[in-house]
Amino acid sequence: MIRQELVARQLEERIAAHFEVGRRLRVLDAGLGDGAQALRLARAGHQVTGLESDPARLAALDAALAEEPEGIRARFRTRAGGGQDTGAHFLPGTFDLVLGHDVLGRSRDPDSTLAGLARVLDTGGLLSLVLPNVAARAMRPGLAGDWADARAALEAEPGESDRFLRLEALTSFLARIGVPMDRWYGVGALAVGDPAAPAEALEVEERACRMDPYRGVAESLHLFGVRG
């Protein structure tokens, strides 16, 4: 899927920029979902811990892990829990890389969730956040010709959680908790979600999602902060 490949490429680029070549990272994926990114990192040799609150998803991931070679299984462990539970499971500075992909939009308290993710990062560690781009909610229905939903998105009053998910607010908050913004990308500026997209769509997407104005109207944002 184009979305997952875009996120993976952006993540690999920032890992290469921040860590020496060949370093084996301690990784936390706080909200595994289908585990695609976590498995990719484990296959690359990193030590991965995954949190997931949905028992069905955990069972599916355990089944997928059973098909992996023994070395990858040994580098991958899972725990029941969500992004808001990091403080209950881990000490400060436990990880070099923390993924918080699609967790802030579902959190009841995004401020404390984000602070918890930052707290378990070691000095110099990298925080990767993927979140819905609430500033561009009218784009997808508008491009699809769904004018009623596009109009509703344009007229909707921002809620408190929407405020927190905005790029400016997140940039300010990350700086206050000691993980200032390093780089951000779009995810899904053009063809994401189109199963019939040609092969070259990924290359076009990758380029568009690092350029203005396209990244600013993408379906999701991919933000990176670095622990000071």
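Side-chain contact check for Gln10 versus Val187: some heavy-atom pair is nearer than 4.5 Å. With a 4.5 Å cut-off on side-chain heavy atoms, Asp34 and Gln4 count as touching. By the 4.5 Å heavy-atom criterion applied to side chains, Glu168 and Phe173 are not counted as neighbours.
Between the side chains of Tyr185 and Glu206, no donor N or O sits under 3.5 Å from an acceptor N or O. Side-chain contact of Asp96 with His46: a donor-acceptor pair under 3.5 Å is absent, judged by distance alone.
Judged by distance alone, with hydrogens and angles left aside, the side-chain atoms of Thr86 form a donor-acceptor pair with the main-chain N or O of Gly116 at under 3.5 Å. Side chain of Asn133 to backbone of Gly216: a donor-acceptor contact under 3.5 angstrom is found. Judged purely by atom type and a 3.5 angstrom limit, Arg57 has no side-chain atom pairing as donor or acceptor with the backbone of Ser53. A donor-acceptor pair under 3.5 Å is formed between the side chain of Thr113 and the backbone N or O of Asp109.
Following chains of ILVMFWY side-chain contacts shorter than 4.5 Å, one can reach Phe95 starting from Leu129, so the two form part of one hydrophobic cluster. Taken together through direct or relayed side-chain contacts under 4.5 Å among Ile, Leu, Val, Met, Phe, Trp and Tyr, Leu117 and Val179 form part of one hydrophobic cluster. Connection of Leu28 to Leu104 is established within a shared hydrophobic cluster, with ILVMFWY side chains joined at heavy-atom distances below 4.5 Å, either directly or through further cluster members. Leu51 and Leu61 sit in two unconnected hydrophobic clusters of ILVMFWY residues. Membership requires side-chain heavy atoms under 4.5 Å apart, directly or through other members. Grouping the Ile, Leu, Val, Met, Phe, Trp and Tyr side chains by contacts below 4.5 angstrom, directly or via other members, places Phe90 with Val98.
Atoms CG and CD, from Leu41 and Gln47 in turn, are 12.0 Å apart once rounded to the nearest 0.5 Å. Rounding to the nearest 0.5 angstrom, the gap separating the CG atom in Leu39 from the CG atom in Asp29 is 9.5 Å. Interatomic distance, OG of Ser220 versus CZ of Arg3, reported as 4.0 Å (0.5 Å rounding). Of the inter-residue distances, the one linking Leu121 atom CG with Arg26 atom CZ reads 9.5 Å to the nearest 0.5 angstrom. For the atom pair CG (Leu170) and CG (Leu221), the distance works out to 8.5 Å, reported to the nearest 0.5 Å. Here CD of Glu219 is found 10.0 Å from SG of Cys209. Values are rounded to the nearest 0.5 Å.
For the side-chain contact (heavy atoms from CB on, under 4.5 Å) test, residues two or more places apart in sequence or in another chain that qualify with Ala42 are Val48, Ile72, Phe76. Under the salt bridge (Lys or Arg N to Asp or Glu O under 4.0 Å) criterion, Arg77 pairs with no residue, sequence neighbours left out. Not counting sequence neighbours, Glu67 has no partner by the side-chain contact (heavy atoms from CB on, under 4.5 Å) test. Residues meeting the ring-ring contact (aromatic ring centres under 6.0 Å, His included) test with His101, sequence neighbours left out: His222. In this structure Met181 satisfies the side-chain contact (heavy atoms from CB on, under 4.5 Å) test together with Leu167, Thr171, Leu174, Trp184, Leu223, sequence neighbours excluded.
In the displayed structure, Tyr214 atom OH is contacted under 6.0 Å by at most 12 heavy atoms of other residues, nucleotides or ligands. Applying the 6.0 Å contact sphere to CZ of Arg9 captures more than 12 heavy atoms from other residues, nucleotides or ligands. More than 12 heavy atoms of other shown residues, nucleotides or ligands fall within 6.0 angstrom of atom CD in Glu155. Heavy-atom contacts from other residues, nucleotides or ligands closer than 6.0 Å to CZ of Arg176 number more than 12.
Between Ala189 and Ala208, the closest heavy-atom pair is CB-CB, 4.3 Å. Nearest heavy atoms, Ala38 versus Leu32: CB-CD2, 3.6 Å.
Using a 4.0 Å cut-off between charged side-chain N and carboxylate O, Glu203 and Arg207 make no salt bridge. Looking at Glu70 and Arg75, no side-chain N of the basic residue comes within less than 4.0 Å of a carboxylate O on the acidic one, giving no salt bridge.
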Please determine whether side-chain contact (heavy atoms from CB on, under 4.5 Å) holds for the pair Thr78 and Asp62, giving the CA-CA distance in whole Å, both sets of side-chain angles, and the decisive distance to 0.1 Å.
CA-CA 8 Å; Thr78 61; Asp62 287 340; 3.6 Å; yes
Applying side-chain contact (heavy atoms from CB on, under 4.5 Å), run through Leu11 and Arg14 and close with a yes or a no.
CA-CA 5 Å; Leu11 185 56; Arg14 302 324 303 157; 5.7 Å; no
Determine, step by step, whether Leu127 and Leu99 satisfy the side-chain contact (heavy atoms from CB on, under 4.5 Å) criterion, reporting the C-alpha distance in whole Å, the side-chain angles of both residues, the deciding distance to 0.1 Å, and the verdict.
CA-CA 6 Å; Leu127 177 64; Leu99 312 185; over 6 Å; no
Worked verdict on Arg227 versus Asp122 for salt bridge (Lys or Arg N to Asp or Glu O under 4.0 Å):
CA-CA 7 Å; Arg227 184 69 166 173; Asp122 202 355; over 6 Å; no
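Within the structure, every pair that satisfies the salt bridge (charged side-chain N to carboxylate O under 4.0 Å, His left out) test and touches residues 38-50, not counting sequence neighbours, is listed here: Glu5-Arg40, Glu12-Arg40, Arg43-Glu68.
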